[in-house]
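Take a look at the structure set out below.
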Amino acid sequence: MSERSKKQEHKLQYAVDERVLCFHGPLIYEAKILDREWFVDHEELKGPCYLVHYKGWKNTWDEWVPETRVLRWNDINLETQQKLKNMYSQIGKKRRRGSISSSDKDEDFLNLPEIKIEIPNSLKAQLVDDWENVTKNQQLVVLPRNPTVSQVLEQYKAFKLQKKGTSEELLNEIVDGIKEYFNNALGSILLYRFERHQYANVRKEHTEAMSDIYGAEHLLRLFVQMPSLIAHTDMGAEATNVLTDYLTDIMRYMQRMQKQFFSTEYEHPTPEYVSLTNSI
C-alpha cells in the first residue's frame, strides 16, 4: 500500500505470531501479533506498528497499535500488568467514580459506550512533530518544563473562572482529577521507549509530582488516551459528558496558547544515553 514502506528497511522489534503483552487503555492484556508494518503516510499511525489480537476477545477488536504499546512477554512485564490493574482499581475507589475490579471480564469493558474527544488539527500536528522528534530524531523534551502540566491547568482554571457561571468546585475537581490521571499514567502509557531512561532519571532526581516536571507535550498525549481511561471506569453518562466537555475546552485553550505552552526545541541526549536506550 502507498502509506506503508517496506518493513525490511526498518527494524521491527516483535515477530508475527509472537505472544506479547499490549496496552489497551490504561491496562495491559495478553495478545498475539498477527501482522506488522512500518507506516509512513498513514493518517493516524506512524513508524513501527503491529496488528494484534487480544486473547479471549472477539476478532472485531483486533487493531493496529504502535510499538510503544507492545511489551515483551516476561515476568517483569507480567508484574507490571498486575500492578496497573491494582493501581487503577485504587484510583477508581479514591475518586468514587467506580473501580476496575480484578474479577471484571474483558467483555464488560468492551460493551462500554465509545467516548470521543475531538483534538484540534493544530494539536494533531503537534502530536506528529512530538513523535518525530522523539522516535525518529532521538531527541528529548527538556525537563523540567516551563510551564509544567500543573501550571498549564492552573492557567486554564484562572481563565475559566473569569467567565460567568463557572462552578469553581467542579472546575477544581476536574483539574485535580486530570493531574491525578497524569501522574498515574505517565510512566505506564504516555512515554515513548526512547524517553524511559529520562523518566527513570527524573524520578531519582526529583521528589515532586510528575505533573510539576513534565509539560504540555505529555499532557496532550494523556488527552489522546483519555477516552480509554474513562471507559475503564464506572463513571455515569452525565459525569462523562461533563468531563469530555471540559477536556475539549482545555484543548481549545491549549490550542490558543500553543506557542506559549509547547516546546519548539528538543535536546539531543548524550551518546551514552542513546547507546543505552538502543541496546534494550
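Atom set for the values below is all heavy atoms of this structure, side chains included, hydrogens, waters and symmetry mates excluded. Throughout, numbering of the chain's residues begins at 1 and tracks the sequence.
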Check: Q151 and R145 side chains under 4.5 Å, non-hydrogen atoms:
no

E168 and K160 ion-paired at < 4.0 Å:
no

Considering only heavy atoms from C-beta outward, does the side chain of V202 approach that of M210 to under 4.5 Å?
yes

Are Q13 and Y50 close enough that some pair of their side-chain heavy atoms sits under 4.5 Å apart?
yes

Does some side-chain heavy atom of P147 sit less than 4.5 Å from a side-chain heavy atom of F261?
yes

Does the side chain of E63 pick up a donor-acceptor pair with the side chain of H53 at under 3.5 Å?
no

Roughly how far, to the nearest 0.5 Å, is CZ of R19 from NZ of K55?
6.0 Å

Parallel, tilted or perpendicular, as decided by the 30° and 60° cut-offs, for the rings of Y214 and H218
perpendicular

What closest approach, in Å, do L127 and I119 show between heavy atoms, and which atom pair accounts for it?
CD1-CD1, 4.4 Å

Distance col, row L190:CG vs Y181:OH, nearest 0.5 angstrom, shows 13.0 Å

Could you walk me through whether I28 and C22 pass the side chain to side chain contact (heavy atoms under 4.5 Å, CB included) test, one step at a time?
CA-CA 5 Å; I28 299 174; C22 186; 6.0 Å; no

Look up atom CG in N133 and atom CD in E265, then write down how far apart they are to the nearest 0.5 Å.
10.5 Å

With side chain to side chain contact (heavy atoms under 4.5 Å, CB included) as the test, would you mind laying out the steps for F223 and I117 before giving the verdict?
CA-CA 8 Å; F223 288 160; I117 300 174; 5.8 Å; no

Are the side chains of R36 and L51 in contact, using a 4.5 Å heavy-atom criterion?
no

Counting N and O atoms only, with roles assigned by atom type, does the side chain of D130 sit under 3.5 Å from a partner on the main chain of Q126, one being a donor and the other an acceptor?
no

For the rings on Y199 and F194, is their centre-to-centre separation under 6.0 Å?
no

Check the pair Y246 / Y253 against ring pair (Phe, Tyr, Trp, His ring centres under 6.0 Å), numbers first and verdict last.
CA-CA 10 Å; Y246 263 103; Y253 179 72; over 10 Å; no

So how far is it from E208 CD to S150 OG, rounded to the nearest 0.5 Å?
10.5 Å

Taking it one step at a time, do S122 and Q255 satisfy side-chain hydrogen bond (donor to acceptor under 3.5 Å, both in side chains)?
CA-CA 7 Å; S122 65; Q255 182 184 30; 3.1 Å; yes

Answer yes when K11 and E67 have at least one side-chain N-carboxylate O distance shorter than 4.0 Å, and no when they do not.
no

Salt-bridge present (E132, K46; N to O < 4.0 Å)
no

For the student: nearest non-hydrogen atoms of I213 and L143, plus distance:
O-CD2, 3.7 Å

Are V16 and L34 close enough, and set up right, to give a side chain to side chain contact (heavy atoms under 4.5 Å, CB included), and what steps lead you there?
CA-CA 6 Å; V16 173; L34 304 179; 6.0 Å; no

Any salt bridge between E195 and R221, counting N to O under 4.0 Å?
yes

Identify which one of L229, L222, V224, N184 satisfies the side-chain contact (heavy atoms from CB on, under 4.5 Å) criterion when paired with I189.
L229

Does the side chain to side chain contact (heavy atoms under 4.5 Å, CB included) test come out yes or no for F23 and V65, once each step is laid out?
CA-CA 9 Å; F23 278 102; V65 301; over 6 Å; no

How many angstroms lie between CZ in R196 and CG in N201, if you round to the nearest 0.5 Å?
13.5 Å

Is it true that a side-chain atom of S275 and a backbone atom of P271 form a donor plus acceptor pair closer than 3.5 Å?
no

Name the orientation class of the two ring planes belonging to Y54 and W57 (parallel below 30°, tilted from 30 to 60°, perpendicular beyond 60°).
tilted

Distance (rounded to the nearest 0.5 Å) between D245 CG and I174 CD1
9.5 Å

